[in-house]
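Just so we're clear, the structure is a prediction, and the values are computed from it rather than from any experiment.
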Amino acid sequence: MAVIVNGLDLISLADYKTLAGISSSTDDSKLEELIDSVSQLVKTYCGISFLDYYSADKTEFITKNFSTHLVELTESPVTTVTTVQERSSPTADYTTLTENTDYVLDATTDCLYRVSGSTYKNWETGPNSVKVIYRAGYSALPQDLRLAVVDLITYYNKNEQKQRQTIAGATIQNQSTSSTRNSVAFPDHIKRVLDLYKVY
């Protein structure tokens with residue numbers, strides 16, 4: 001079995017084979033490697049882990065270089081916030097803050113707002129000045145994203161990223177990907193789904 005280098009795979013080998021209509025186990029090792037790689041590729045492109053922190057706490061340290069009342073968490077969607085702390089300097093101890101008194105979670109943007117009563121207050125600045133322990137993501141991959149992951153694994157498994165292939169004397173010309181300026185070269189139908197989950 002392949003080693004998962006960076007968190008959970010977005011789809012299991014068994015589920016991929018079912019959806020791709022594969023019954024043979026001949027290419028299982030290759031498919032496991034592709035599943036690992038595509039899972040990491042999708043996480044990197046979208047900027048979130050999807051499944052890794054749904055059932056496990058993420059501890060995030062945030063460096064604030066300028067005064068602001070806003071902290072944006074990296075994982076999405078946030079499901080629970082366990083602990084929020086801040087410190088005034090790298091040598092100071094963290095102070096634990098109270099939800100709805102010292103901070104408020106905006107679940108639509110996955111941001112924490114620092115408050116004091118009914119007004120905003122700036123977070124402490126400096127290296128790792130804010131520490132947040134929370135959970136975020138999905139219990140199961142959303143169905144549209146799951147389909148895009150299956151298509152992307154198949155795309156690499158069949159070497160469709162190569163625009164021109166010669167097989168047994170016949171040449172196959174694969175359709176090029178999006179010609180949009182600065183576009184990542186995923187097939188358009190896959191990129192459209194990934195962009196729905198991409199954190200900008």
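Residues S67 and T125 are in side-chain contact: their nearest non-hydrogen atoms beyond the backbone lie under 4.5 Å apart. Annotation: side chain of L152 is not in contact with side chain of V150 (no heavy-atom distance under 4.5 Å). Contact annotation: the side chain of V38 approaches that of V42 to within less than 4.5 Å [non-hydrogen atoms, C-beta and beyond]. Under the 4.5 Å side-chain criterion, counting only non-hydrogen atoms from C-beta, L112 is in contact with W123. Counting heavy atoms from C-beta outward, Y134 and L105 have side chains that stay 4.5 Å or more apart. Between L31 and K17 the shortest side-chain heavy-atom distance falls below 4.5 Å. Y16 has its side chain within reach of T154: a pair of non-hydrogen atoms, C-beta onward, lies under 4.5 Å apart. Here the side chains of L10 and I35 are not in contact, with every heavy-atom distance at 4.5 Å or above.
Exactly one of D195, L194, L196, L41 qualifies for a side chain to side chain contact (heavy atoms under 4.5 Å, CB included) with C46. That residue is L194.
For the atom pair CG (L141) and CG (D144), the distance works out to 8.5 Å, reported to the nearest 0.5 Å. Within the model, atoms CD1 of I190 and CG of D151 stand 5.0 Å from one another, a figure rounded to the nearest 0.5 Å. Residue L145 holds its CG atom at 9.5 Å from CG of L147, rounded to the nearest 0.5 Å. Atoms CG and OG, from D93 and S88 in turn, are 9.5 Å apart once rounded to the nearest 0.5 Å. Once rounded to the nearest 0.5 Å, the distance linking OH of Y113 with OH of Y120 reads 5.5 Å. Distance CD/Q40 to OG1/T44: 4.0 Å, rounded to 0.5 Å.
Hydrophobic clustering (ILVMFWY, side-chain heavy atoms < 4.5 Å, transitive): V199 and V149 are in one cluster. At a threshold of 4.5 Å between side-chain heavy atoms, the hydrophobic network of Ile, Leu, Val, Met, Phe, Trp and Tyr places L73 and I133 in two separate groups. No path of Ile, Leu, Val, Met, Phe, Trp and Tyr side chains, each step under 4.5 Å between heavy atoms, connects V130 with V115, placing them in separate hydrophobic clusters.
Side-chain atoms of S25 never come within 3.5 Å of backbone atoms of D28 as a donor-acceptor pair (strictly under, hydrogens ignored). For the pair D102 (side chain) and T98 (backbone), a donor-acceptor distance under 3.5 Å is present. Remark: side-chain polar atoms of E86 are not paired, donor with acceptor, to backbone N or O of S129 under 3.5 angstrom. Here the side chain of D106 pairs a donor or acceptor atom with the backbone of T108 at under 3.5 angstrom. Between the side chain of R87 and the main chain of P127, a donor-acceptor pair closer than 3.5 Å is present.
The pair D57-R135 meets the salt-bridge criterion, since a charged nitrogen lies less than 4.0 angstrom from a carboxylate oxygen.
Geometric assessment of K158 against the ring of Y156 yields a negative cation-pi assignment under the 6.0 Å and 45° thresholds. Figure legend: cation-pi geometry between K43 and F50 absent, as NZ or CZ is not positioned both under 6.0 Å from the six-membered ring centre and within 45° of its axis. The side-chain tip of K64 points at the ring of F66 from less than 6.0 angstrom away and within 45° of straight on.
Inspection of the E60 and T74 side chains reveals an N or O donor paired with an N or O acceptor under 3.5 Å. Under the 3.5 Å distance criterion, with hydrogens and angles disregarded, a donor-acceptor pair is assigned to the side chains of T96 and Q85. Residues S49 and E75 bring a donor and an acceptor atom of their side chains to less than 3.5 Å of each other.
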message: Test side-chain contact (heavy atoms from CB on, under 4.5 Å) on T59 and K131; report intermediate values, then the result.
response: CA-CA 7 Å; T59 301; K131 176 182 177 183; 3.8 Å; yes

field: Test log, rule salt bridge (Lys or Arg N to Asp or Glu O under 4.0 Å), inputs K58 and D52
entry: CA-CA 9 Å; K58 174 163 186 174; D52 296 353; over 6 Å; no

Worked verdict on S37 versus E33 for side chain to side chain donor-acceptor pair (under 3.5 Å): CA-CA 6 Å; S37 299; E33 291 296 329; 5.2 Å; no

task: Begin with the C-alpha distance, continue with both residues' side-chain angles, and end with the deciding distance and a verdict on side-chain contact (heavy atoms from CB on, under 4.5 Å) for D36 and L34.
output: CA-CA 5 Å; D36 288 348; L34 281 171; over 6 Å; no

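Counting all heavy atoms, side chain and backbone alike, L51 lies closest to L8 at O-CD1, 3.7 Å. Listed here is the closest heavy atom pair of V78 and A136: CA-CB, 3.7 Å. Nearest heavy-atom pair across S76 and D110 is OG-OD2, 2.5 Å.
Remark: N100 CG is packed, more than 12 non-hydrogen atoms of other residues, nucleotides or ligands lying under 6.0 Å away. With a 6.0 Å radius and a threshold of 12 heavy atoms from other residues, nucleotides or ligands, E99 has its CD atom above the threshold. Residue-environment remark: OH (Y54) stays at or below the threshold of 12 foreign heavy atoms within 6.0 Å.
For F186 and Y155, the ring centers are positioned 6.0 Å apart or more.
In this structure, Y197 and Y138 have perpendicular ring planes: the angle between them is above 60°, well past the 30° mark.
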